[in-house]
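One structure below.
In what follows, chains carry the letters A, B, and so on, assigned in the order in which the sequence lines appear, proteins first and then strands, with residues in each chain numbered from 1.
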Amino acid sequence: MRWSSAFIPTLRDDPADAEAISHKLLVRAGFMRQLMAGHYSLTPAGFRSLRKIEAIVREEMEKIGAQEFRLPCMHPREIWEKSGRWDSVGEEMFRLRDRKGADLALGMTHEEIFAYHAAELHSYRSLPQIWYQFQTKFRDEARPKSGLLRVREFTMKDSYSLDIDEAGLDAAFDRHLEAYRRIFRRFGFDVVAVEASSGVMGGNQSIEFMLKSDAGEDWVAHCEKCGYAANLEKAESILPEIEDPEGRPAPERFPTPGVKTIEDLARMEGGAEASRQIKTLVYVIDGKTVLILLRGDHSLAEQKLIDQVEAEEMRPAQPEEIRAALGASPGSLGAVGVPDLYVIADEALRGRRDMVTGANEDGFHLRGVEVERDIEVKAWLDLREVTSGEGCPMCRAPLSVHKTIEVGHIFKLGTKYSEAMGALVQDEKGRSVPIVMGSYGIGLDRSLAAIVEAHHDESGICWPVNVAPWEVVVTVVKPKDVECHEAAERLYEKLGEAGIDVLIDDRDERPGVKFKDAELVGFPYRVTVGPKGLGEGVVELLRRADGSKRDLPVAHAAETIVEAVLDERF
RNA sequence: CGGGCCGUGGCGCAGUCUGGUAGCGCGCUUGACUGGGGGUCAAGAGGUCGCGGGUUCAAGUCCCGCCGGCCCGACCA
């Protein structure tokens with residue numbers, strides 16, 4: 001490709017509506033443009049990188065024996081009704097109606113459809129199978145953001161394993177786990193695989209592949225020492241032991257005028273530090289008012305609660321509901337002496353004495369509360385959100401909590417979808433059993449953006465060779481100079497013949513412009529061909545990743561460059 | 001869905017408070033010089049000021065409605 005005839009619309013300034021680094025750089029470097037919120041067009045350069053990402057994923061999927069499909073992205077209502085997700089998914093799914101009035105959905109994922117096809121399997125002998133595809137997915141995100149990181153229309157590789165039993169599922173799951181590790185290594189990612197909450201996917205185990213990044217939206221607790229990692233929706237930690245004083249024989253009411261928050265009470269004379277307070281939250285769970293107790297300085301990890309109580313519906317109570325149930329407003333709530341309400345307490349409160357909590361009367365609190373003596377706790381659960389510095393549950397080393405991008409997610413689904421779609425096979429004893437499924441996803445466009453998040457500097461993108469739109473740019477310093485022009489053309493041809501993805505910058509621009517553009521676009525290697533070097537019989541090879549330069553004799557420059565590129569391709 | 005900010009040549013912005021000739025930088029076109037880090041000079045092209053309505057002699061500017069975008073939150077397989 002010649003830059004003079006390529007469409008690579010680079011921009012000198014950051015686009016005004018971009019915040020995330022990958023968003024800014026992908027737009028500035030001419031890899032994508034926005035059509036509307038959450039929908040982006042990839043330009044030729046962007047699409048080249050995306051295809052490389054896709055090729056890597058395809059290669060690794062084929063390696064584990066997966067077979068590629070192509071499924072429709074428009075689905076009939078009925079199939080989603082069979083799994084119950086027509087109703088359960090809600091506004092997240094794009095729906096439309098055809099001229100006959102039939103309801104349709106734009107697929108946000110394809111469990112139903114693959115299970116539908118899996119119904120053609122009849123014998124355990126045809127299992128196991130791994131089926132996959134690359135397909136556009138649609139999700140009506142409430143708030144698209146950060147360029148390609150959170151969009152409404154995106155490309156995903158999704159695969160589905162079909163097995164006769166749990167053991168088969170475990171094996172397929174492990175193979176995906178390994179394949180994903182290889183894929184992300186080839187993307188240049190340092191991912192952590194974390195246990196996650198499966199949410200409404202159903203199933204019993206799921207692992208997310210998380211890439212540390214400030215542009216991410218998911219919080220992960222990670223132990224550098226032993227490698228423990230978990231989504232904050234699930235992460236656990238060990239707290240330092242607390243020695244409580246003996247306290248009082250019974251709780252004592254005391255006035256706390258104007259105290260509305262944990263902080264107020266901590267600051268107040270005669271109050272108590274946050275870790276000596278009991279925080280009382282009020283939730284409505286399946287219509288029942290429930291009190292959730294946490295230590296004052298701890299936050300509720302709501303997903304933990306959802307995962308453990310198995311409720312249909314759960315929401316924080318409205319202020320009026322709280323008054324009706326407890327007779328006080330938030331700020332003075334407590335669980336002492338409310339035997340008719342269901343009380344769930346966080347494990348960190350177990351055994352605590354001499355605590356302070358609201359008296360269920362505005363402007364008053366209780367001190368000297370001994371949790372197990374004074375509160376009728378119905379259930380003890382781990383509900384606390386882990387914070388940085390707390391002890392790793394495996395090795396006790398301090399945990400670090402940071403933002404991450406979810407680049408892949410794998411689920412053990414079980415039989416939810418196969419049962420719904422009637423995907424049954426006969427086992428070796430002739431019994432009809434539902435196929436045991438797993439589901440495995442990688443967002444390609446999100447990975448593209450994540451690569452930029454992970455590989456860039458002040459000047460632009462630094463593509464790993466594996467996913468670079470072009471591996472080498474030949475920069476012609478002075479195109480009008482015949483010697484310079486010809487030497488560059490010869491090199492360009494040789495590299496092309498050797499199978500290198502090479503772009504020649506033959507534009508009639510000043511060298512500075514070309515250098516800046518090359519850095520912005522992020523070619524892993526730049527070969528500078530100019531009169532100065534040629535005078536000494538050399539061209540200069542610059543490696544984008546570390547800025548290292550070396551002069552190569554013109555005669556075997558091509559070989560050296562080919563070697564350098566192949567060395568980094570894997 | 002709640003809160004905040006913003007829509008003015010391709011990109012980034014000023015102008016809006018206080019109504020009166022649409023402006024700047026970059027980019028683009030043509031020519032010349034220049035040629036190893038966004039160069040210089042000269043001459044140009046390019047704008048229904050997001051859309052609709054209203055007020056006014058006069059609206060980018062004031063009023064009403066709508067649309068679109070970004071950020072925070074809620075939400076999120």
Side-chain angles (χ1 to χ4, degrees), chain A residues 7 9-20 23-24 27-28 30 33-40 80 83 85 88-93 107-112 137-147 149-152 154 156 158 160 196-203 206-208 215 217-218 231 233 302-303 306 315-316 406 408-413 416-417 438-443 459-460 475-481 484-485 505 507-520 526-536 538-540 542 547 549 551:
Chain A
F7 180 63
T10 58
L11 262 21
R12 197 181 283 237
D13 301 311
D14 280 336
D17 54 9
E19 187 84 6
H23 187 189
K24 287 180 184 171
V27 170
R28 266 190 70 201
R33 289 293 185 262
Q34 185 179 56
L35 180 62
M36 57 177 164
H39 300 258
Y40 289 85
W80 283 86
S83 66
R85 291 207 286 185
S88 68
V89 167
E91 292 185 307
E92 189 92 354
M93 184 152 68
M108 43 201 308
T109 176
H110 283 75
E111 279 79 18
E112 280 82 354
K137 310 284 183 187
F138 296 88
R139 281 180 203 173
D140 192 356
E141 279 284 350
R143 184 147 93 83
K145 57 177 287 198
S146 307
L149 289 175
R150 187 147 133 187
V151 290
R152 305 204 304 170
F154 55 97
M156 191 161 148
D158 48 325
Y160 303 84
S197 161
S198 324
V200 295
M201 273 297 269
S206 91
I207 290 181
E208 288 174 322
E217 308 186 68
D218 292 305
N231 192 302
E233 293 177 347
E302 203 172 61
Q303 190 66 41
I306 293 169
R315 60 176 174 83
E406 177 188 341
H409 202 159
I410 63 181
F411 296 88
K412 290 186 181 174
L413 291 177
K416 172 176 175 180
Y417 299 97
S439 137
Y440 315 86
I442 293 180
S459 311
T475 301
V476 192
V477 172
K478 196 175 175 183
K480 284 178 181 160
D481 178 278
C484 181
H485 169 83
D505 190 353
R507 295 174 299 170
D508 184 18
E509 288 288 351
R510 312 217 87 221
V513 172
K514 299 185 177 192
F515 294 154
K516 289 286 185 197
D517 268 347
E519 277 148 22
L520 180 59
R526 183 186 89 202
V527 198
T528 313
V529 181
K532 200 150 99 187
L534 290 175
E536 295 162 27
V538 298
V539 295
E540 184 195 76
L542 173 69
K549 294 177 180 178
D551 286 334

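- The partner of B/A74, taking Watson-Crick or G-U wobble pairs whose two distances both stay under 3.5 Å, does not exist in any strand shown.
- Atom CD of A/E141 is separated from atom P of B/G73 by 14 Å (rounded to the nearest Å).
- With both ends at atom P, the span from B/C17 to B/C11 equals 26 Å, rounded to whole Å.
- We find that NZ of A/K516 is positioned 14 Å from C1' of B/G39, with the value rounded to whole Å.
- Positionally, the nearest nucleotide of RNA chain B for A/V513 lies more toward the 5' end than for the other of A/V513 and A/A142.
- The nucleotide B/U21 finds no pairing partner, because no Watson-Crick or G-U wobble arrangement with both distances shorter than 3.5 Å includes it.
- Atom-to-atom, CZ of A/F515 to P of B/G35 comes out at 14 Å; the value is rounded to the nearest Å.
- Listed by chain and number, the residues in a side chain to side chain contact (heavy atoms under 4.5 Å, CB included) with A/A18 are A/P15, A/H23, A/K24 (sequence neighbours excluded).
- Between atom CD of residue A/E141 and atom CD of residue A/E91 there is a gap of 12.5 Å, rounded to the nearest 0.5 Å.
- With both pairing distances under 3.5 Å, B/G10 is matched to B/C26 as a Watson-Crick or G-U wobble pair.
- Mapped onto RNA chain B by nearest heavy atom, A/E92 and A/P15 fall at different nucleotides, with A/P15 at the one closer to the 5' end.
- For the P atom pair drawn from B/G60 and B/G4, the interatomic distance equals 28 Å after rounding to whole Å.
- The side chain to side chain contact (heavy atoms under 4.5 Å, CB included) test applied to A/H39 returns A/M36, A/R152, A/E153, not counting sequence neighbours.
- Figure legend. B/G60 is base-paired to no nucleotide; pairs are counted as Watson-Crick or G-U wobble with both atom distances under 3.5 Å.
- Counting to the nearest Å, the C1' atom of B/C75 and the CZ atom of A/R315 are 16 Å from each other.
- Qualifying side chain to side chain donor-acceptor pair (under 3.5 Å) partners for A/E519, counting only residues two or more places apart in sequence or in other chains: none.
- Comparing B/C13 with B/G47, their C1' atoms sit 15 Å apart, to the nearest whole Å.
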Show me the protein contacts with nucleotides 30-34 of chain B, counting only N or O atoms at under 3.5 Å.
from  : atom 1 : to     : atom 2 : distance (Å)
B/U34 : O2'    : A/R510 : NH2    : 3.1
B/U34 : O2     : A/R510 : NE     : 3.4
B/U34 : O2     : A/R510 : NH2    : 3.0

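- Checked by distance alone, A/E519 brings no side-chain donor or acceptor within 3.5 Å of a matching partner on the base of B/G38.
- One P atom belongs to B/G3, the other to B/U40, and the distance between them is 49 Å to the nearest Å.
- Between the NZ atom of A/K24 and the C1' atom of B/C11 there is a distance of 15 Å, given to the nearest Å.
- Pairing for B/G46 is absent, judged as Watson-Crick or G-U wobble with the two contacts each under 3.5 Å.
- Nucleic acid contact class of A/D517 (heavy atoms, under 4.0 Å, all strands): base.
- Looking at every heavy atom in both residues, A/L413 comes nearest to A/S439 through CD1-CB, 3.5 Å.
- Every residue two or more places apart in sequence or in another chain that forms a salt bridge (charged side-chain N to carboxylate O under 4.0 Å, His left out) with A/D158 is listed here: A/K137.
- Distance alone, capped at 3.5 Å, is enough to place a donor-acceptor pair between the A/K514 side chain and the A/D505 backbone.
- Across the P atoms, B/C1 and B/C66 are found 13 Å apart, a figure rounded to whole Å.
- For A/E509, there are no salt bridge (charged side-chain N to carboxylate O under 4.0 Å, His left out) partners two or more places apart in sequence or in a different chain.
- Looking only at atom types and distance, the side chain of A/T10 has a donor-acceptor partner in the side chain of A/D517 under 3.5 Å away.
- A 3.5 Å limit on both hydrogen-bonding distances identifies B/G69 as the Watson-Crick or G-U partner of B/C5.
- A straight line from CD of A/Q303 to P of B/A74 spans 14 Å, rounded to a whole angstrom.
- Between A/R28 atom CZ and A/L11 atom CG the span is 7.5 Å, to the nearest 0.5 Å.
- Comparing B/U55 with B/A59, their C1' atoms are spaced 10 Å from each other, to the whole Å.
- Among residues two or more places apart in sequence or in another chain, the salt bridge (charged side-chain N to carboxylate O under 4.0 Å, His left out) test is passed with A/R139 by none.
- When the P atom of B/G38 is taken as reference, atom CZ of A/R507 falls 14 Å away, rounded to whole Å.
- Remark: B/U16 base-pairs with no nucleotide in the shown strands. Criterion, Watson-Crick or G-U wobble with two distances under 3.5 Å.
- Of all non-hydrogen atoms in A/V476 and A/H485, the two that sit nearest each other are CG1-CA, 4.3 Å.
- Residue A/R526 is in base contact, counting any heavy-atom pair closer than 4.0 Å across all strands shown.
- Among residues two or more places apart in sequence or in another chain, the side chain to side chain contact (heavy atoms under 4.5 Å, CB included) test is passed with A/E112 by A/I79, A/W80, A/S83, A/R85, A/Y417, A/M421.
- Heavy atoms of A/G533 sit under 4.0 angstrom from at least one base atom.
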Below 3.5 Å between N/O atoms, which protein atoms pair up with nucleotides 24-27 of chain B? Just atom names and distances, please.
from  : atom 1 : to    : atom 2 : distance (Å)
B/C26 : O3'    : A/R12 : NH2    : 3.4
B/C26 : O2'    : A/R12 : NE     : 3.1
B/G27 : OP1    : A/R12 : NH2    : 3.0

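- Rounded to the nearest Å, the gap between the P atom of B/G50 and that of B/A14 is 14 Å.
- For A/E217, the side chain to side chain contact (heavy atoms under 4.5 Å, CB included) partners at least two apart in sequence or on another chain are A/K145, A/R150.
- Considering only residues two or more places apart in sequence or on other chains, A/E302 meets the side chain to side chain donor-acceptor pair (under 3.5 Å) condition with A/Y283.
- Remark: the separation of the P atoms in B/G54 and B/G73 is 42 Å, to the nearest Å.
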Output a table of nitrogen or oxygen pairs between the protein and nucleotides 70-72 of chain B separated by less than 3.5 Å.
from  : atom 1 : to     : atom 2 : distance (Å)
B/C70 : OP1    : A/Q34  : NE2    : 2.9
B/C72 : OP2    : A/R143 : NH1    : 3.2
B/C72 : OP2    : A/R143 : NH2    : 3.0
B/C72 : OP2    : A/K145 : NZ     : 3.3
B/C72 : N4     : A/R143 : NE     : 3.4

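- Looking at A/R152, its side chain has no donor and acceptor atom pair within 3.5 Å of the base of B/C76.
- The CD-C1' distance, from A/E91 to B/A74, rounds to 12 Å in whole Å.
- Of all nucleotides present, only B/U40 satisfies the Watson-Crick or G-U wobble test against B/A32, with each distance under 3.5 Å.
- Across all strands, A/R28 comes closer than 4.0 Å to base atoms (heavy-atom distances).
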